[in-house]
Amino acid sequence: TPLIGVLAVQGDVREHVEALEARGASTLRLRRPEEVDRIDGLVVPGGESTVMDKLCRLFGLVAPLRDRIADGLPVYGSCAGMIMLADGVLDGHRDQQTLGGIDMTVRRNAFGRQVDSFETDLSMPVLGEDADPVTAVFIRAPWVEQVGDRVEVLARVPHRAVAGDAAKEAAADRIVAVRQGNLLATSFHPEVTGDRRVHELFVQMVRSAA
Ligand code: GLN
């Protein structure tokens, strides 16, 4: 059984622990640098990326995590976790840093104040050619503004989700799920819907990397 850490300095840790265990993984709430060597994979949850960044630096987690990411550790980041995996951040705090690893630029709180949170069905063909759509829940979410060649785009905001709503129209077609090598990221929160397919995909990535 793979041991998957859930970064537990801040954010919605418990929902990810439950989803991963439901898919047959063992989990560890990761807080200390000594724990980084033990894990076969890592989830960086939603929460607040500026706070997560500060706490990761304070706890000495940044260097060991960056080392393991460079060595191919599978990591799944959701929402704030997606920001943590981005090589570049727009609308970040002045001194905000990330772990990085995915050649992309994300925009924090991109969906705007008017749309603190919204929900839409979107298709995610990586889950299977005939897979049912995923219910994507966005909570003060980032979107991906730019990706490099090695980044696979896994999902975009469908036009019909935002059509006719001026506050949301800029979100049409925006990239909201990506993969680069062993790194997976979504702007949305699959852990809150009870749909375990994204976690299943990640557990499979961890198993095949092991
Ligand atoms: N707005 C948060 C951030 O910038 C992300 C929100 C979330 O993870 N639900 O980190």
Side-chain angles (χ1 to χ4, degrees), residues 4-20 27 29-31 41-59 61-62 65-66 69 75-102 104-122 124 134-147 154-157 161-162 167-168 170-171 174-179 183-196 198-199 202:
I4 301 184
V6 179
L7 183 66
V9 298
Q10 196 265 334
D12 71 329
V13 174
R14 185 175 48 98
E15 291 80 355
H16 286 284
V17 165
E18 285 170 10
L20 293 165
T27 57
R29 286 167 161 83
L30 186 129
R31 286 193 191 84
L42 177 71
V43 170
V44 183
E48 176 46 61
S49 58
T50 56
V51 178
M52 233 179 259
D53 164 42
K54 282 194 186 123
L55 293 175
C56 281
R57 287 197 254 168
L58 188 68
F59 297 162
L61 287 164
V62 173
L65 286 175
R66 282 190 182 148
I69 291 171
V75 186
Y76 167 44
S78 163
C79 203
M82 169 188 259
I83 296 171
M84 292 298 289
L85 290 178
D87 284 345
V89 180
L90 299 169
D91 293 339
H93 280 199
R94 196 157 45 111
D95 62 346
Q96 182 167 4
Q97 296 173 20
T98 66
L99 299 169
I102 302 182
M104 64 175 174
T105 303
V106 299
R107 185 176 295 280
R108 277 183 71 233
N109 303 330
F111 294 90
R113 286 229 177 98
Q114 302 90 326
V115 223
D116 273 354
S117 107
F118 84 101
E119 210 179 288
T120 186
D121 283 354
L122 48 78
M124 222 172 144
V134 170
T135 299
V137 178
F138 298 88
I139 306 165
R140 295 182 58 72
W143 67 44
V144 181
E145 287 225 352
Q146 169 271 318
V147 293
L154 304 183
R156 292 177 184 266
V157 174
V162 295
K168 290 193 204 165
R174 294 292 180 176
I175 298 169
V176 290
V178 295
R179 181 164 63 177
L183 305 178
L184 174 70
T186 63
S187 302
F188 50 89
H189 291 270
E191 75 282 6
V192 304
T193 63
D195 180 345
R196 302 297 184 224
V198 173
H199 289 82
F202 181 62

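Only heavy atoms go into these numbers, but all of them, side chains included; no hydrogens, no water, no symmetry mates. Each ligand, and each atom within it, is numbered from 1 in the order the structure gives. What you are looking at is a predicted structure, and each value in this text was computed from that prediction instead of being measured.
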Visitor: Report the part of R108 (side chain from C-beta onward, or backbone N, CA, C, O) that has a heavy atom under 4.0 Å from ligand 1; answer both or neither where that applies.
Guide: side chain
Visitor: Please report whether ligand 1 has a polar contact with I139, defined as an N or O pair separated by less than 3.5 Å (distance criterion only).
Guide: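 Such a contact does occur with ligand 1.
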Visitor: With respect to S78, determine whether any N or O atom, backbone or side chain, lies less than 3.5 Å from an N or O atom of ligand 1.
Guide: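 In this structure, S78 places no N or O atom under 3.5 Å from an N or O of ligand 1.
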Visitor: Find all atoms of ligand 1 within a distance of less than 4.0 Å from any non-hydrogen atom belonging to G47, and give their numbers and elements.
Guide: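 Selected atoms, number and element: 2 (C), 5 (C), 6 (C), 7 (C), 8 (O), 10 (O).
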Visitor: Quick one: does T135's side chain get under 4.5 Å of D195's, heavy atoms only?
Guide: no
Visitor: Can you find a heavy atom in the side chain of M124 that is under 4.5 Å from one in the side chain of V198?
Guide: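 Yes; the side chains approach each other to less than 4.5 Å.
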Visitor: Using non-hydrogen atoms of the residue, decide whether M52 is closer than 4.0 angstrom to ligand 1.
Guide: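 No, M52 has no heavy atom closer than 4.0 Å to ligand 1.
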Visitor: Just so I know, are the side chains of V176 and F111 near enough to count as touching, which here means a heavy-atom distance under 4.5 Å?
Guide: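 Yes; the side chains approach each other to less than 4.5 Å.
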Visitor: Of R140, R108, K54, which is the lone residue that meets salt bridge (charged side-chain N to carboxylate O under 4.0 Å, His left out) with E48?
Guide: R108
Visitor: Numbering the atoms of ligand 1 from 1, which are under 4.0 Å from a heavy atom of I83?
Guide: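 Near I83, the atoms of ligand 1 are 3 (C), 4 (O), 10 (O).
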Visitor: Between E18 and E191, is any pair of side-chain heavy atoms under 4.5 Å apart?
Guide: no
Visitor: Quick check: H189 and ligand 1, any N/O pair under 3.5 Å apart?
Guide: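 Yes, at least one N or O pair falls under 3.5 Å.
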Visitor: Do ligand 1 and A141 have nitrogen or oxygen atoms that lie under 3.5 Å from each other?
Guide: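 No: no nitrogen or oxygen of A141 is under 3.5 Å from one in ligand 1.
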Visitor: Counting each atom of ligand 1 from 1 as listed, which ones have a heavy atom of G46 under 4.0 Å away?
Guide: 8 (O)
Visitor: Can you check whether L122 reaches F188 side chain to side chain, under 4.5 Å on heavy atoms?
Guide: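 When only atoms from C-beta onward are counted, F188 and L122 do touch, with a gap below 4.5 Å.
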